[in-house]
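Below, read A as the first sequence line, B as the second, and so on, with proteins coming before strands; counting in each chain starts at 1. Small disclaimer: the values here were computed from a predicted structure and weren't measured.
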Amino acid sequence: MTPDRSPGHPAGGLISPAENTWCPGCGNFSIQHMMKSAVAELSEEEGIPLENFVLLGGIGCHGKLADYLNVNSLYAIHGRSVPAATGIRLANPDLKVICHVGDGDIYAEGLDHLIFAAKRNSDITVIVHDNRVYGLTTGQYTPTSPAGFRGRSTPGGITEHPLNPLGLMLAAGATYIARGYTKKIRHLKDLFKEAIMHRGFSFVDVLQICATYFNLTDYYNEHAYEIPAGEVDTGRFESALGKIREWDYDREAPIPLGTFYSVEKPVYEEKFQVLAADRSERRALVRKVVEEWR
Amino acid sequence: MTPDRSPGHPAGGLISPAENTWCPGCGNFSIQHMMKSAVAELSEEEGIPLENFVLLGGIGCHGKLADYLNVNSLYAIHGRSVPAATGIRLANPDLKVICHVGDGDIYAEGLDHLIFAAKRNSDITVIVHDNRVYGLTTGQYTPTSPAGFRGRSTPGGITEHPLNPLGLMLAAGATYIARGYTKKIRHLKDLFKEAIMHRGFSFVDVLQICATYFNLTDYYNEHAYEIPAGEVDTGRFESALGKIREWDYDREAPIPLGTFYSVEKPVYEEKFQVLAADRSERRALVRKVVEEWR
Amino acid sequence: MAEYSVLIGGKAGEGINTAGLSIAGLFSRLGYRTYMYFDYPSLIRGGHNFAIVRAADRAIGAHRTPVDVLLAFDQNSIENHRQKIHDGTTVVHDASQVVRGEGYGLPLDDIVKEENAPPITKNSAMLGALARVAGIGREVLEDVLRGSVPAKHLEANLRVAGRGYDAVEEVFTVKRGDAPAFPVLTGNEAAGLGLVHGGLGTYVAYPMTPSSSLLHFLANRAEDLSVKVIHPENEISVILMALGLAYAGEKTAVGTSGGGFCLMTEGLSLAGMSEIPVTIVMGQRPGPSTGLPTYTSQTELHFVLNAGQGEFPRLVVAPGDLEETYAWSAAALMLSWRYQVPAIVLTDKTLAEGAYSFDLGSITPPPDREPVLWDGAGEYRRYVRTEDGVSPLAFPGREGAIVKATSYAHDEAGFTTEKPVEARELQEKLLRKGESLKAELAAYPTVKTYGARDAGTTIVCWGSQKWVCIEAAEEFGARVVQPLVLSPFPTRQWKETMIGAGKVVCVENNATGQLGRLLRQQGFDPGRPILKYDGRPFAVDELTARLGEVFA
Amino acid sequence: MAEYSVLIGGKAGEGINTAGLSIAGLFSRLGYRTYMYFDYPSLIRGGHNFAIVRAADRAIGAHRTPVDVLLAFDQNSIENHRQKIHDGTTVVHDASQVVRGEGYGLPLDDIVKEENAPPITKNSAMLGALARVAGIGREVLEDVLRGSVPAKHLEANLRVAGRGYDAVEEVFTVKRGDAPAFPVLTGNEAAGLGLVHGGLGTYVAYPMTPSSSLLHFLANRAEDLSVKVIHPENEISVILMALGLAYAGEKTAVGTSGGGFCLMTEGLSLAGMSEIPVTIVMGQRPGPSTGLPTYTSQTELHFVLNAGQGEFPRLVVAPGDLEETYAWSAAALMLSWRYQVPAIVLTDKTLAEGAYSFDLGSITPPPDREPVLWDGAGEYRRYVRTEDGVSPLAFPGREGAIVKATSYAHDEAGFTTEKPVEARELQEKLLRKGESLKAELAAYPTVKTYGARDAGTTIVCWGSQKWVCIEAAEEFGARVVQPLVLSPFPTRQWKETMIGAGKVVCVENNATGQLGRLLRQQGFDPGRPILKYDGRPFAVDELTARLGEVFA
Ligand SMILES: Cc1ncc(C[n+]2csc(CCOP(=O)(O)OP(=O)(O)O)c2C)c(N)n1
Ligand SMILES: Cc1ncc(C[n+]2csc(CCOP(=O)(O)OP(=O)(O)O)c2C)c(N)n1
Ligand code: SF4
Ligand code: SF4
Ligand SMILES: [Mg+2]
Ligand SMILES: [Mg+2]
């Protein structure tokens with residue numbers, strides 16, 4: 001398929017008419033626009049028809065992205081879009097399935113699904129809008145909030161330490177692990193494209209600015225850096241882990257951005273590409289099974 | 001409290017009158033008896049009253065242990081005993097709370113709870129009866145079944161690779177991580193005691209023989225070995241991880257048994273040891289809050 | 001009628017279920033319709049399992065307490081069933097296990113040793129003994145074994161069966177019936193086949209009694225039936241994967257029991273709002289909570305009718321035997337797609353794991369219903385308002401369509417809205433689909449009756465308790481009325497059917513009379529409740545006695 | 001009656017909710033009872049939020065469409081509310097934002113700049129303007145600000161408020177009423193305080209509108225009220241932690257809304273079987289699924305009545321205002337412990353997030369009920385069978401007791417059983433507790449009525465719609481009947497209350513008439529349904545019009 005097969009969907013048309021209700025200064029805008037560009041560019045460069053992209057949204061500020069892009073979408077429920085994504089990919093191997101999820105959404109409510117998608121090497125992409133706070137429910141701590149964080153459910157500050165989601169993903173068997181930051185949009189777009197094109201499960205934790213409840217812009221601007229080429233051997237577990245552990249979402253430390261891990265493994269859904277039969281063929285099969293019953 | 005304060009509960013009396021319905025040769029017997037001894041010995045050695053032990057069971061063959069020991073127990077639901085355990089510990093800091101869970105139970109159905117108990121450093125002990133199969137539902141694959149495993153839901157064999165639960169626990173922030181084997185009962189008992197006495201979250205993955213659906217006795221006997229003293233620095237993440245990765249529940253490799261990791265961190269429940277008030281005191285507080293409302 | 005009842009009992013792990021199915025096969029081969037009740041506790045080896053196989057010269061679907069032959073592998077299999085033994089009962093027992101035996105003792109340990117056969121062949125010895133006791137020819141016995149035992153074990157089984165045959169005497173003579181030799185299937189197997197008939201592409205499930213055997217059956221026959229079978233990490237994942245599959249165009253069903261269904265309720269509500277079709281096979285067992293996991297109940301009717309937040313239509317059907325299970329599983333799947341509503345096939349352990357003669361030829365298949373697909377004209381709007389409430393479907397990957405499905409209140413294109421008028425219209429659209437579905441169902445056999453309309457006494461029942469009611473009703477010349485569809489409730493059909501019902505009783509396997517409650521809610525009088533809630537289904541004679549108290 | 005209605009509108013993030021509460025405070029201070037309806041979409045900044053504050057010289061709990069004063073921070077706050085403006089309405093707007101303004105324009109940007117005050121003080125300017133328009137003295141205004149604004153911001157607020165005061169004229173005069181200055185609380189706050197009154201030790205919740213503010217309130221006041229507040233990873237964990245806490249003796253409540261409640265249903269059934277008490281505050285909002293997350297509905301009645309597999313008693317109460325919320329939250333917690341059943345306090349967004357004058361002194365507290373505790377004699381058996389079905393409690397750590405709680409069918413000691421007789425007895429024990437609870441509730445005000453018994457027309461309603469019905473009923477001289485307890489249903493009280501009810505209507509915030517369905521199920525005629533299902537509660541005038549259609 002050549003890129004100009006979809007003239008009705010220029011990249012500009014990818015922004016939907018839905019009214020955008022994110023706060024001024026919200027990092028979600030960067031994610032939205034970089035995902036839009038990533039989709040448009042992949043469609044052009046790789047000849048993927050625009051109708052073959054599917055976005056899923058969790059519930060939270062992040063999930064609104066499903067409304068804001070003019071792309072197929074399943075705006076699902078809190079914490080549960082990842083298994084739905086696997087279902088979509090199972091039904092149609094041509095689809096590029098991308099989950100936009102939140103840190104409360106997928107690291108708290110639905111963490112097991114994330115781990116199993118990684119374990120299976122389900123051929124989907126998960127973009128976590130990691131603002132380290134529950135935005136839409138007005139500011140509670142999440143699994144990546146730093147120790148001491150005072151949210152509305154924990155006004156005294158939490159004593160817990162955050163999860164390092166990249167470390168968890170590595171332990172779970174994810175085959176692509178990256179981190180982006182909403183103030184580095186070009187870099188973010190490249191990560192999105194890489195993740196989407198990765199065969200198998202791809203995971204991008206995006207440090208997303210929440211302008212209203214947890215604005216870490218200064219902190220991130222000070223600490224975040226793009227991993228220089230060659231500094232990580234993305235094919236090696238130990239090398240990836242070393243880099244992943246450089247910052248633990250808690251300590252004051254340099255925050256590496258980029259791709260930490262990228263390997264090939266058999267894709268879960270491919271084992272199920274059995275012959276599809278239509279209904280009347282299936283009925284013949286039923287009759288056969290009953291006739292030869294034992 | 002001196003050990004002989006509980007004359008009504010000699011260690012022998014710890015076996016309940018409930019009829020035992022495990023299969024002959026099942027590894028659960030070892031876990032039951034070693035937990036019984038661990039409890040009895042801790043009661044004697046540490047002066048922990050027997051009534052301060054609470055066992056929780058998941059649902060599966062493993063969970064029956066809750067019936068089989070004459071100790072306080074909450075025989076809960078599939079995959080969900082870990083948060084109940086945290087609740088128990090929150091209510092009463094004197095209790096030693098021990099979850100007996102299954103690999104289907106806690107690595108599949110309820111994995112998020114396990115990870116969060118570790119993240120919080122909840123002061124409970126989790127013993128996983130890891131027979132790497134769903135026993136009570138007659139033999140399906142679990143998250144620790146090896147690639148190629150043919151279960152009743154996957155007669156063609158799975159293409160997925162297993163999770164390494166110890167690796168996940170380390171990534172989640174567990175402060176005590178160990179592995180036992182039901183054919184090394186003395187070692188198992190020592191691990192149980194160590195885990196129960198650990199302040200904070202303790203986790204023991206027990207390679208448990210399922211005599212009926214997945215009998216790995218020969219394989220384990222051949223590969224399993226106790227980690228020699230000093231070979232792991234249990235206070236160091238990297239050292240623990242190296243040992244944890246020696247065997248990944250899949251490859252043919254030596255299987256280390258013993259304690260991989262053991263560190264101290266603040267205990268989750270301790271932050272909630274607020275002054276307990278009785279009901280009439282609480283009512284006075286309510287009145288005060290209303291009177292001073294703003 | 002000619003009928004025979006055989007109980008076979010032993011320990012879990014000894015193959016009692018399979019042995020029971022072989023006994024059913026024996027009678028099938030002779031031209032009888034069979035039914036098997038299988039009773040087992042929640043353990044893997046040991047304990048006490050038993051199967052009661054009943055065969056008759058007409059359709060049946062329930063057991064009776066007294067048995068003609070009792071085949072006992074151990075002492076429990078005699079002691080636990082004393083009340084089933086009467087003067088005419090022939091007892092055959094394993095003399096190596098049973099000390100206080102009666103009837104014929106077979107030294108099974110010796111027999112398998114002498115025949116150099118594996119222990120599992122002891123079942124064949126019992127089958128042989130049964131054949132002889134029942135005056136069934138050796139050639140029929142061997143025929144049945146040939147049809148059920150894998151080739152490499154056949155010889156040993158034939159030898160051991162012969163030993164059983166020779167060790168006892170003919171007590172009575174089963175005459176050849178005239179039914180064809182129907183295969184013997186469980187309710188779960190019929191459900192699986194029915195779903196495939198309806199167009200199933202993928203089945204997703206997490207194991208849970210009594211629905212696990214549906215998962216196992218479809219997994220085992222996945223290639224034969226051209227379906228995909230997926231077993232994910234838990235039931236939340238099950239329902240969400242199913243919705244993902246269906247959103248992308250794949251006809252998908254899931255199976256579970258009460259505890260797993262709890263975990264699916266949030267996904268069910270998502271299905272309701274997003275209008276993504278899914279069919280749930282819900283096998284009831286006694287709760288609350290883990291309860292009696294391997295036993296039976298009819299306790300989830302109101303739960304499935306009301307599960308999930310918000311108000312949305314759903315199809316709930318409760319078949320009562322294999323043919324209904326097949327037909328309504330197919331119909332549920334098709335109607336779920338036609339109206340984009342969730343469908344629930346409500347079974348229970350009695351039906352799901354019970355085995356019955358299956359007459360595929362006798363089934364009137366439900367009408368073929370196709371989903372309404374987008375015609376490709378204009379701009380695609382996933383939730384376009386239509387008269388019957390159904391919006392045409394397109395699936396991602398279709399050129400020209402942007403398919404936006406959502407859990408939020410939404411406008412026609414699928415974008416979130418919070419406007420009061422749109423919210424109201426959306427709710428009305430959903431309810432309109434329910435009305436359309438209800439209208440369509442008017443042409444389906446949603447309420448079935450058995451017996452004479454002017455009987456003057458009526459037994460109302462649902463699901464697996466249908467056949468026991470039919471048999472018990474005969475003793476009283478009563479009529480049986482069974483709703484097949486519980487939602488949308490077939491109000492008109494019910495009203496018409498119940499005209500002149502006379503004295504009414506409502507038979508259920510629960511403690512609170514759930515169908516009775518539903519009937520009252522619909523404005524009907526459910527009559528006197530007859531309830532059983534010990535985890536076991538009614539036996540015909542037991543129900544007859546209970547009915548006697550009311551009808552006397 | 002003397003009454004005033006003020007609407008304040010602006011963008012999310014501008015503090016409209018707080019401003020509304022200050023307005024309510026102003027009227028409270030003057031001796032009025034107040035009610036505030038707060039309307040906001042699901043977003044954090046921008047959009048359109050508004051509060052309608054109504055004050056009257058007697059108890060109220062509903063809004064009316066026409067307003068006396070409209071305070072508009074932006075254009076939307078005028079345009080969206082055209083139908084609320086009438087001849088007598090005074091409009092005050094922020095002239096820096098509103099271009100097509102009417103009434104008084106305040107240059108709020110200039111004012112805060114000139115006063116060197118933070119933007120949030122614009123609310124005080126509006127409050128000042130309102131005070132002047134309503135003829136309320138400056139000293140009252142300042143008093144209210146002193147009572148609500150933190151000390152360090154007080155000065156700036158006073159200055160800005162004064163600017164607002166000075167910029168407009170007196171239009172009417174609010175006379176001093178004679179009620180004491182009641183504090184203004186939300187339903188969630190009353191629920192939290194009521195739970196503490198009932199003995200709450202720990203509150204566990206995962207955030208979800210409309211119950212999040214209960215979590216925030218208790219977390220904020222945890223020390224003041226001596227409770228622990230826990231926010232775990234999801235709702236499954238919430239309910240299981242709560243059950244663990246209660247098993248170990250801690251009185252625990254949880255809060256959620258429909259989607260979260262779905263995830264708690266398996267734990268609810270566990271509570272039913274294991275007989276571990278838990279109180280669930282269930283705030284309804286419009287579904288299905290995510291639906292309209294910040295709006296209101298009464299759609300989960302049958303879901304909460306039937307959620308969870310198996311059959312077990314539960315207490316379901318639906319308070320209709322703050323005093324009922326306080327009393328019944330306390331009662332729910334105590335009765336849940338007394339009968340070892342789950343209790344559900346069913347609220348909705350209207351009640352949970354609506355604000356009302358709270359008269360703690362007027363509340364007749366529910367009877368103090370204590371859990372039945374083990375007397376220490378003999379061997380402890382957790383599930384010993386008793387006449388009323390309640391087994392004495394002991395908690396782990398108690399010497400001499402081995403406390404075995406379980407999800408399985410069990411014997412008296414708590415060991416698993418699969419025996420039919422024990423299973424039946426267990427089920428009967430559970431139901432017996434429901435009967436005992438029902439008997440006890442006979443002494444509670446489970447059905448409330450307002451208006452004359454011989455009115456000849458009756459409005460039935462439940463929960464938050466109580467007050468709008470009371471007001472609308474007055475126009476027709478109709479009587480209002482409100483069930484406070486929905487399960488176990490107060491059959492006798494209902495029957496007695498409805499004698500001579502005459503023409504009956506049933507008012508609900510849902511599309512299918514859920515209370516109506518419940519009444520029919522209980523054998524009562526619910527009358528004509530009057531339903532609203534656009535996510536908004538009825539306004540008094542709106543309901544009056546709808547009633548007029550029926551009563552005319
Ligand atoms: C089952 C369930 N529980 C709770 C909620 C309420 N809820 C909506 S959004 C949200 C928080 C979202 O936080 P996060 O995922 O971090 O997203 P963000 O708003 O920060 O993008 C919650 C708890 C819900 N919708 N469903
Ligand atoms: C919510 C729910 N889903 C499914 C089940 C059915 N079930 C009971 S035991 C079990 C498997 C247990 O496997 P595992 O945890 O490995 O325990 P094992 O029997 O091997 O000890 C399952 C799936 C259940 N009880 N509850
Ligand atoms: S609350 Fe935070 S995450 Fe949500 S829209 Fe506003 S800035 Fe963005
Ligand atoms: S099935 Fe396996 S785990 Fe279960 S009791 Fe038998 S041997 Fe043990
Ligand atoms: Mg977030
Ligand atoms: Mg297991």
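Taking the six-membered ring where the residue is Trp, B/H100 and B/H129 present perpendicular rings, their angle passing 60° and hence far from 30°.
Listed in order of number, the residues of residues 74-86 of chain B that approach chain C to under 4.5 Å between heavy atoms are B/A76, B/I77, B/H78, B/R80. The contact list for residues 202-213 of chain B toward chain C, using heavy atoms and a distance under 4.5 Å, reads B/T212, B/Y213 by residue number. Using non-hydrogen atoms only and a strict 4.5 Å limit, the part of residues 133-171 of chain B facing chain C consists of B/Y134, B/G135, B/L136, B/T137, B/T138, B/Q140, B/Y141, B/R152, B/S153, B/P155. Within residues 8-15 of chain C, no residue has a heavy atom under 4.5 Å from a heavy atom of chain B.
In this structure, B/K64 does not pair ionically with B/D67, as no charged nitrogen and carboxylate oxygen lie closer than 4.0 Å.
Remark: aromatic rings of C/H81 and C/H48 are close, center separation under 6.0 Å. Ring centroids of C/F303 and C/F261 are separated by less than 6.0 Å, placing the two rings close together.
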(message) Determine whether C/S297 and C/N510 satisfy the following criterion, side-chain hydrogen bond (donor to acceptor under 3.5 Å, both in side chains), listing intermediate values before the conclusion.
(response) CA-CA 6 Å; C/S297 76; C/N510 60 47; over 6 Å; no
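Using modelled atom types and a 3.5 Å distance limit, the side chains of B/N121 and B/T175 yield a donor-acceptor pair. Inspection of the C/T186 and C/E353 side chains reveals no N or O donor paired with an N or O acceptor under 3.5 Å. Side-chain N/O atoms of C/D534 and C/Y295 include no donor and acceptor closer than 3.5 Å.
Proximity to chain B is absent for every atom of C/I230, based on heavy atoms less than 4.5 angstrom apart. Neither the backbone nor the side chain of B/C26 comes within less than 4.5 Å of any heavy atom of chain C.
Few gaps surround CD on C/E79; more than 12 heavy atoms of other groups in view lie less than 6.0 Å from it.
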